[in-house]
Amino acid sequence: MSIELPKTYNPEEAENKIYKLWEESGFFSPEGLPSVTLAKEGKIPEPKPFTILMPPINENGSLHAGHALVLTIEDIMIRYKRMRGHQTLWLPGLDHAGFETQVVYEKQLEKEGRSRFQMEPGQLYDEILNFTLANKKDIEGQIKKMGASCDWTREKFTLDPDIVQTVYQTFKKMADDNFVYRGEKIVNWCPKHQTTLSDLETTDVEQKDNFYYLQYGPFVIATARPETKFGDKYVVMHPGDKRYRGYKDGQKIELEWINGPITATIVKDEAVDMTFGTGVMTITPWHDAVDFDIAERHKLEREQIIDFRGKLLPIAGEFAGMPISKARPLIVEKLKSKGLLVKIDEDYKHVVKKCYKCESIIEPQVREQWFLKMKQLAEPAIKAIENGEIKFIPEHYKKISLHWLKNILDWPISRQIVWGIPIPAWHHEPKCVPRPGKEKEIKKCLKTVIALEEPRCEFCEAKFIRDPDTFDTWFSSGQWPFASLGYPDSNDYKTFFPTDVMETGGDIIFFWVARMIMLSLYVTGEVPFKTVYLHGLVLDAKGRKMSKSKGNVINPLNLLEKYGTDALRMGLVIGNTPGTSLALAEDKIKGQKHFANKLWNIARYVLMNISGISTLKPEIKAELTAEDEKIVSELGALVKDATEDMDQFRFYLAAEKIYHYVWHTFADKIIEESKTKLASEDVIIKASAQRMLLEVLITSLKLLHPFMPFVTEEIYSNLAIKNKRLLIVEKWPD
RNA sequence: GGGCACAUAGCUCAAUUGGUUAGAGCGUCGCAUUCACAUUGCGAAGGUUCCCUGUUCGAGUCAGGGUGUGCCCACCA
């Protein structure tokens with residue numbers, strides 16, 4: 001066999017061809033695997049399943065470096081386990097990514113001079129749906145470019161009807177179990193996006209502002225936000241503060257305030273820090289979480305000062321209708337002219353919450369929202385983690401998860417956006433229309449009902465209005481592990497759940513990982529996965545976070561084209577320890593392109609020199625010279641070592657060791673030394689060298705295949721070996 | 001205020017959980033090249049493993065303290 005291979009490896013040509021070959025082979029699906037077929041014929045024992053669910057990928061853009069890393073690591077695991085004979089399932093998922101996608105689409109609308117607030121919700125939904133569908137093919141194509149050997153026949157989308165059904169059933173079950181409540185509580189409100197956000201969806205930003213000391217009757221109070229103070233009629237101090245001993249809880253005082261005289265009430269509460277400011281504060285329960293709690297404790301009234309667009313309401317008098325930024329200096333001016341401004345501290349550092357998407361300042365607002373009680377949901381998760389039912393890689397994420405779960409707060413799950421799963425709830429019209437003879441019972445009318453169809457009230461003919469809100473995306477994606485596998489009746493659920501490994505970014509451990517654990521335990525009674533592998537961020541070459549504004553975003557698709565998928569994958573995995581951020585330097589990937597070519601030329605050399613040898617006999621070792629046998633057994637040591645690393649999720653080490661062996665042992669030593677052996681007059685020495693070279697090549701290809709699937713498969717396809725299968729399903733060496 | 005990490009060659013990172021002389025990639029410098037590969041080979045320079053104290057036969061690794069950096073959580077008006 002003397003096949004002429006070109007002098008350099010051409011990734012682009014090989015990759016498209018090879019991926020098609022794999023797809024057509026059926027080996028991406030568990031039922032198509034040789035190990036499963038052989039087991040069916042009774043020839044080998046039933047293989048063990050090995051399952052990974054791909055974290056659903058946003059359909060609102062194109063693949064970024066983080067996605068490339070996820071796909072690489074997961075593909076390495078799946079390919080390794082597939083070669084070990086497992087019944088492997090890697091289920092691909094696409095994400096509607098609720099709020100994220102709506103934000104992206106709103107930006108596009110903005111560019112076109114349109115706004116979601118001038119659109120019918122139905123129309124907006126349809127447009128976003130079309131937008132994501134248009135992106136779907138691109139994203140799928142990009143996932144394939146990465147070489148991902150996932151089962152496309154099982155591809156799931158987070159808005160698939162069966163997923164939505166599962167989410168509804170979970171919500172209903174939670175409502176029945178009294179884990180859901182609808183409450184008027186203070187929430188994080190983004191005035192730009194016009195929706196509630198969970199605490200995780202806000203970021204804290206430290207900034208310097210003016211701190212105003214104001215005369216409030218006999219007291220001096222301090223505030224950074226004078227524009228919220230119009231309705232302040234409670235003045236709060238610590239019950240133990242001796243300076244204010246003369247004032248009693250509930251005492252009324254008359255005083256002159258911004259827009260005229262008011263009556264204020266003294267409140268004593270321990271939440272007040274005596275050492276901060278003057279030790280006295282007035283409260284604005286509608287727009288501040290601490291104040292809200294104080295008002296709840298003392299059953300105080302609350303009033304909205306700022307509307308949901310961030311403009312002042314009529315209570316602000318002459319300032320009504322103004323946005324905060326415009327009103328604040330004018331209000332300060334008025335306070336000053338009335339002699340109520342005591343002093344201004346211009347150097348006041350404090351933390352403000354901002355929307356994590358648009359950086360608008362969050363305006364706390366009181367709104368009726370759906371909440372989940374989290375304490376009871378968290379308990380089984382805490383137990384499971386403490387018992388070691390879930391293994392964290394790296395380990396310190398165990399502590400981080402437990403800390404969060406033990407301090408968990410209730411979760412607001414309703415969002416005022418259209419792009420998502422509608423909340424299956426209905427609200428009674430304000431007015432009751434009693435049915436004949438039921439006039440006396442209308443007090444029993446249900447205000448809110450959780451149901452898929454419009455409910456009918458027994459006592460009343462009033463209509464029910466559909467709740468306009470959608471679920472927080474993470475509420476549905478938290479159910480992904482069992483929902484995507486067809487809980488509760490499907491064979492896939494029975495076979496592949498709980499899954500083996502959840503591999504995702506450490507930055508979404510609370511958003512997603514913790515919630516999957518809680519929701520899976522609640523619905524199925526089982527943990528969703530046995531191992532959590534968390535990778536770090538992919539940073540630029542200088543270790544900075546990639547961002548569009550910095551202009552340092554590395555597009556993996558460009559790297560693919562330039563250096564080939566295998567090179568990108570190696571560049572992403574070598575030196576990347578779990579949990580640690582990875583600085584992605586282009587030179588590193590370039591170096592791996594050289595490696596792919598090195599491997600290619602190793603194969604060329606071997607092929608050129610082994611004519612006549614087309615198969616490896618099992619008793620190969622008997623035919624080797626002692627020297628060659630030593631080479632083969634040394635390779636055996638590498639195999640053992642690398643296998644151990646693979647089993648322990650040390651892919652970065654395995655890849656580096658194999659790389660180093662192939663280049664600096666196989667190419668630099670074994671091949672160099674083989675040149676004299678092949679030139680030998682001694683037939684035994686020559687034949688031994690030939691067999692040894694082929695053996696080392698085949699084993700190297702197998703070891704490299706999970707990392708560099710394309711070039712290895714391409715080379716393997718050029719070897720003439722009897723009973724050869726595609727490398728993707730060949731047996732991992734032992 | 002609380003929590004979690006990190007600090008090793010010029011740069012980016014390893015060192016498989018305490019074990020020879022701390023390694024690799026990239027970069028730098030020198031030499032070689034009719035060879036499967038210039039996308040090459042051989043070689044060199046480059047280290048107080050942040051600092052201090054301790055445990056140990058033995059510490060980059062463990063403990064205590066310090067310095068610096070990053071991230072997460074939290075309701076100081």
Side-chain angles (χ1 to χ4, degrees), chain A residues 5-9 186 199-200 203-204 211-214 221-225 228-229 232 236 271-284 287-294 348 350-351 353 364 394-404 406-409 506-507 509-510 536-537 539-543 545 563 567 570-571 574-577 579-609 641-642 644-645 647-650 652-654 656-657 659-660 663-664 667-668 671-672 674-675 693:
Chain A
L5 294 182
K7 273 191 161 188
T8 50
Y9 170 59
I186 195 150
D199 289 333
L200 291 176
T203 55
D204 292 346
F211 199 46
Y212 306 95
Y213 287 79
L214 308 176
I221 59 156
T223 183
R225 300 198 60 195
T228 64
K229 296 279 148 196
D232 285 13
V236 191
V272 176
D273 180 350
M274 286 186 270
T275 63
F276 184 80
T278 57
V280 182
M281 64 178 189
T282 62
I283 56 167
T284 315
H287 298 292
D288 185 281
V290 180
D291 297 1
F292 181 88
D293 287 345
I294 294 173
Y348 176 59
H350 67 147
V351 170
K353 274 190 178 184
E395 272 171 11
H396 73 261
Y397 274 106
K398 178 177 174 173
K399 284 188 214 164
I400 295 175
S401 307
L402 284 172
H403 186 261
W404 188 75
K406 286 177 179 174
N407 295 292
I408 200 161
L409 298 172
D507 53 332
I509 183 159
F510 306 138
L537 292 171
L539 308 173
D540 76 355
K542 289 175 187 157
K545 207 166 170 173
Y563 304 109
M570 282 295 268
I574 288 186
N576 187 359
T577 44
T580 313
S581 314
L582 171 81
L584 186 60
E586 198 168 324
D587 276 344
K588 210 167 141 186
I589 296 158
K590 192 170 148 196
Q592 294 301 330
K593 183 194 162 100
H594 298 175
F595 178 59
N597 193 60
K598 186 79 185 176
L599 183 66
W600 183 257
N601 276 289
I602 289 169
R604 277 185 72 210
Y605 172 83
V606 174
L607 280 172
M608 285 165 120
N609 287 293
D641 204 10
E644 171 84 15
D645 285 336
D647 286 335
Q648 299 299 319
F649 299 92
R650 293 188 297 252
Y652 60 101
L653 265 188
E656 197 176 331
K657 283 174 189 168
Y659 167 95
H660 204 256
W663 200 313
H664 299 296
D668 292 349
I671 284 186
E672 286 311 315
S674 78
K675 286 174 184 170
L693 285 172

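Labels below follow one simple rule: chain letters A, B, ... track the order of the sequence lines, proteins then strands, and each chain is numbered from 1.
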- Message: Is any side-chain heavy atom of Ile221(A) closer than 4.5 Å to one of Tyr213(A)?
- Response: no

- Task: State, with a plain yes or no, whether a side-chain heavy atom of Lys675(A) is found less than 4.5 Å away from one of Tyr605(A).
- Result: yes

[X] near the nucleic acid: base, sugar-phosphate alone, or nothing, with a heavy-atom cut-off under 4.0 Å?
{"X": "Gln648(A)", "answer": "nothing"}
{"X": "Lys406(A)", "answer": "nothing"}
{"X": "Tyr397(A)", "answer": "nothing"}
{"X": "Ala585(A)", "answer": "nothing"}
{"X": "Leu584(A)", "answer": "nothing"}

Whole Å only: how far is the [atom1] atom of [X] from the [atom2] atom of [N]?
{"X": "Asp540(A)", "N": "C13(B)", "atom1": "CG", "atom2": "P", "result": "11 Å"}
{"X": "Glu644(A)", "N": "U16(B)", "atom1": "CD", "atom2": "P", "result": "13 Å"}
{"X": "Lys7(A)", "N": "U34(B)", "atom1": "NZ", "atom2": "C1'", "result": "11 Å"}
{"X": "Asp587(A)", "N": "U28(B)", "atom1": "CG", "atom2": "C1'", "result": "13 Å"}
{"X": "Asn407(A)", "N": "G1(B)", "atom1": "CG", "atom2": "P", "result": "18 Å"}
{"X": "Ile400(A)", "N": "G70(B)", "atom1": "CD1", "atom2": "C1'", "result": "13 Å"}
{"X": "Leu537(A)", "N": "U12(B)", "atom1": "CG", "atom2": "P", "result": "16 Å"}

So, does [X] get its side chain near the phosphate of [N], meaning an N or O under 4.0 Å from OP1 or OP2?
{"X": "Lys399(A)", "N": "A5(B)", "result": "yes"}
{"X": "His594(A)", "N": "U40(B)", "result": "yes"}
{"X": "Thr580(A)", "N": "C13(B)", "result": "no"}
{"X": "Tyr652(A)", "N": "A15(B)", "result": "yes"}

- Can you label the angle between the Phe276(A) ring and the Tyr348(A) ring as parallel, tilted or perpendicular, going by 30° and 60°? tilted

- Message: In terms of relative ring orientation, are Tyr659(A) and His664(A) parallel, tilted or perpendicular, with 30° and 60° separating the classes?
- Response: perpendicular

- Span that lies between the C1' atom of G60(B) and that of A7(B), in whole angstrom: 11 Å

- Query: So how far is it from Asn601(A) CG to Thr8(A) OG1, rounded to the nearest 0.5 Å?
  - Reply: 8.0 Å

- Query: What's the spacing between Leu584(A) CG and Asp540(A) CG if we round to 0.5 Å?
  - Reply: 9.0 Å

Check the interface with nucleotides 41-43 of chain B: list each N/O to N/O pair with the protein under 3.5 Å, or write none.
residue, atom, partner, partner atom, Å
G41(B), OP1, Lys598(A), NZ, 3.2
G41(B), OP1, Trp663(A), NE1, 2.2
C42(B), OP1, Asp668(A), OD2, 3.3

- Taking atom NZ of Lys590(A) as the centre, does the number of heavy atoms from other residues, nucleotides or ligands within less than 6.0 Å exceed 12? no

- Note on the structure: With Tyr563(A) as partner, the option from Glu586(A), His594(A), Lys588(A) fulfilling side chain to side chain donor-acceptor pair (under 3.5 Å) is Glu586(A)

- Could you check Glu395(A) against Ile574(A) and say which one's nearest nucleotide on RNA chain B is further toward the 5' end? Ile574(A)

- Which residue lies toward the 5' end of RNA chain B, Leu539(A) or Lys675(A), if each is placed at its nearest nucleotide? Leu539(A)

Nucleotide N/O to protein N/O under 3.5 Å, stretch nucleotides 74-77 of chain B:
residue, atom, partner, partner atom, Å
C76(B), O2, Asp273(A), OD2, 3.0
A77(B), OP2, Tyr348(A), OH, 2.5
A77(B), O5', Tyr348(A), OH, 3.4
A77(B), O2', Ala222(A), O, 3.4
A77(B), N6, Asp273(A), O, 2.9
A77(B), N6, Phe276(A), O, 2.8
A77(B), N1, Asp273(A), N, 3.2

